[in-house]
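Naming convention: chains lettered A, B, ... in sequence-line order (proteins, then strands); numbering from 1 in each chain.
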Amino acid sequence: MPNPLTETEIPHLRAALLGWYDAEHRPLPWRQEVSVYRTVVSEFMAQQTQIDTVLPYFERWMRLFPDFAALADAPEEAVMKQWEGLGYYRRARNLHKLAREVAALPELPTTAAQWQELPGIGPYTAAAIASINFADRTAVIDGNVIRVLSRLTADATLWKSSQQAQKQLGPLAQRLLDPERPGDFNQAMMELGAIRCRKARPDCLLCPIRTWCTGHRQGNPEAYPQVQRKATEKVTIERAWIVSEGKLLLERGAADSVRLADMYELPRLATLPEGFAKGDLHFKQQRGISHQRITEQVYHVKPPEKPTLNGHYVWASPTDLQQLTLSGPHRKWIRQHWSA
DNA sequence: AATCCGGGGCA
DNA sequence: TGCCCAGGATT
């Protein structure tokens, strides 16, 4: 059989995909009411994060920061606080910075190339914003699109990274893109990957483009894509549980730190000043980040008589704790173990 | 091109 | 436990 994705077939594929999308797309909040700002916020939140996780954050965010101007005017702490629990906190910092830059512009950028100049926006997010809001003819390539395209063409390449797959599949994605409805087409490709062309047990019988799909025809769509992954690394961190006069000692991440900048967490044991005495293990928790499996061991620690602590440390009462921004796991553990 | 982000959910 | 998720920045 010849390559089914000939130039004469592509318009039919586009029509089938868009027809399906029009009829069956999920009524996500940023689709029900579309604006540049809503697209930008949803795309930032959805980076490396599943849509179901994003939904409650998105609704809260829109109530507090309804537009670029409101976000630009908001203090940094308020912005970080709303992101608490969503992870990859640099996204929130970049989004805030972006709002301030956009609010200062005479008019909004319109092309993907222009959007990509802004903080926190790479090739994917730029294409999504520009195609959805300004009909810019730039194809998006995310994890969903990689899966759909590699199955469509039964591409057995062993990608060394998703970044490499994005690069290699770019021309095909661009060739398929419907020039009349680029935003809807981009969303349709992603929607298909999310609800039909799933990683496991894809619903090929309900797929609008299975006619053109080599993976389906061969009967092994789940074999694609093949992406090499790095093994999970195990990391252990020791932390201190120090309560004095009804307050819990917390440590603030350095403002210029790559991770958890200006956010609070239980103090690391290794970097506490002299005089703190490590006691028994209080509790132990696990969490994951990217390719790391992190075990956190929290010990009871007895402070010295007159502890001298620099500005990175703070004694927090339960009320203070409400105001501060912590990572999701630390917030949860403290709530579980500090029922004062 | 690799690595990190101290996320989170799911089989 | 491994894998994936509407990735981007940094080196």
Side-chain angles (χ1 to χ4, degrees), chain A residues 25-26 28 30-31 39-58 83-95 97-98 115-129 131-132 139-148 159-167 183 186-195 198-201 222 225-237 239 251 253-254 256-261 263-266 268 285-296 326-333:
Chain A
H25 68 78
R26 292 169 293 177
L28 301 177
W30 48 88
R31 286 177 180 159
T39 305
V40 169
V41 172
S42 67
E43 293 298 345
F44 267 74
M45 288 185 171
Q47 288 169 7
Q48 291 301 101
T49 306
Q50 299 188 153
I51 296 305
D52 287 345
T53 307
V54 167
L55 292 175
Y57 282 88
F58 183 82
W83 204 271
E84 188 181 271
L86 203 47
Y88 294 123
Y89 297 93
R90 193 163 46 184
R91 293 182 293 173
R93 212 166 287 279
N94 281 334
L95 177 54
K97 198 171 161 193
L98 179 147
W115 278 100
Q116 201 173 331
E117 296 300 309
L118 293 163
I121 297 196
Y124 163 77
T125 308
I129 295 168
S131 67
I132 293 170
V140 298
I141 309 181
D142 70 337
N144 290 310
V145 177
I146 289 174
R147 191 165 55 252
V148 170
W159 310 109
K160 286 187 175 171
S161 65
S162 61
Q163 191 181 325
Q164 188 198 25
Q166 280 177 30
K167 205 168 166 181
N186 277 336
Q187 293 196 80
M189 288 287 284
M190 295 190 281
E191 190 75 348
L192 188 67
I195 69 178
R198 293 183 305 256
K199 157 187 65 156
R201 299 184 302 104
E222 287 182 80
Q226 297 188 40
V227 183
Q228 233 165 39
R229 307 279 172 194
K230 233 191 112 182
T232 307
E233 179 193 4
K234 288 179 184 168
V235 177
T236 301
I237 309 168
R239 295 190 186 273
E251 178 184 4
D256 61 352
S257 170
V258 174
R259 63 188 181 210
L260 298 181
M263 294 177 61
Y264 294 83
E265 53 187 0
L266 291 170
R268 289 164 297 171
Q285 294 282 1
Q286 279 208 337
R287 61 165 145 171
I289 171 69
S290 184
H291 60 279
Q292 285 185 330
R293 177 74 54 173
I294 305 163
T295 303
E296 304 225 22
L326 283 71
S327 74
H330 277 225
R331 165 80 63 198
K332 183 175 153 194
W333 302 341

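- Here the P atom of nucleotide B:dG9 and the NZ atom of A:K332 are 8 Å apart, to the nearest Å.
- Not counting sequence neighbours, the partners of A:L86 by the side chain to side chain contact (heavy atoms under 4.5 Å, CB included) test are A:M45, A:T49, A:T53, A:Y57, A:W83, A:R91.
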With the sugar-phosphate defined as primed atoms, P, OP1 and OP2, and the base as all remaining atoms, what B/S/- string results for nucleotides 3-11 of chain C, 5' to 3', for protein heavy atoms under 4.0 Å?
-SBBBBS--

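- Place A:K160 and A:I289 on DNA chain B by their nearest nucleotides, and A:K160 ends up nearer the 5' end.
- Place A:E84 and A:E233 on DNA chain B by their nearest nucleotides, and A:E233 ends up nearer the 5' end.
- Applying the side chain to side chain contact (heavy atoms under 4.5 Å, CB included) rule to A:K332 yields the partners A:R335, A:Q336; only residues at least two apart in sequence or on another chain are considered.
- Atom CZ in A:R287 sits roughly 11 Å away from atom P in B:dC5 (whole-Å rounding).
- Remark: C1' of B:dC5 and CG of A:L86 are 13 Å apart, rounded to the nearest angstrom.
- B:dG8 atom P lies 15 Å from atom CD of A:Q292, rounded to whole Å.
- Applying the side-chain hydrogen bond (donor to acceptor under 3.5 Å, both in side chains) rule to pairs touching residues 115-124 of chain A yields A:E43-A:Y124, sequence neighbours excluded.
- Note on A:R239: a base of the nucleic acid sits closer than 4.0 angstrom, heavy atoms only.
- Taking 4.0 angstrom as the limit, A:H291 places a side-chain polar atom (N or O) nearer than this to OP1 or OP2 of B:dC4.
- Scanning for salt bridge (Lys or Arg N to Asp or Glu O under 4.0 Å) contacts around A:R229 gives an empty result, with sequence neighbours left out.
- A:Q47 and A:T125 share a side-chain donor-acceptor pair at under 3.5 Å.
- Remark: A:R268 engages A:E251 in a side chain to side chain donor-acceptor pair (under 3.5 Å) (not counting sequence neighbours).
- Here A:G288 lies in heavy-atom contact (under 4.0 Å) with a base.
- C:dA6 and B:dC4: their P atoms are spaced 24 Å apart (whole Å).
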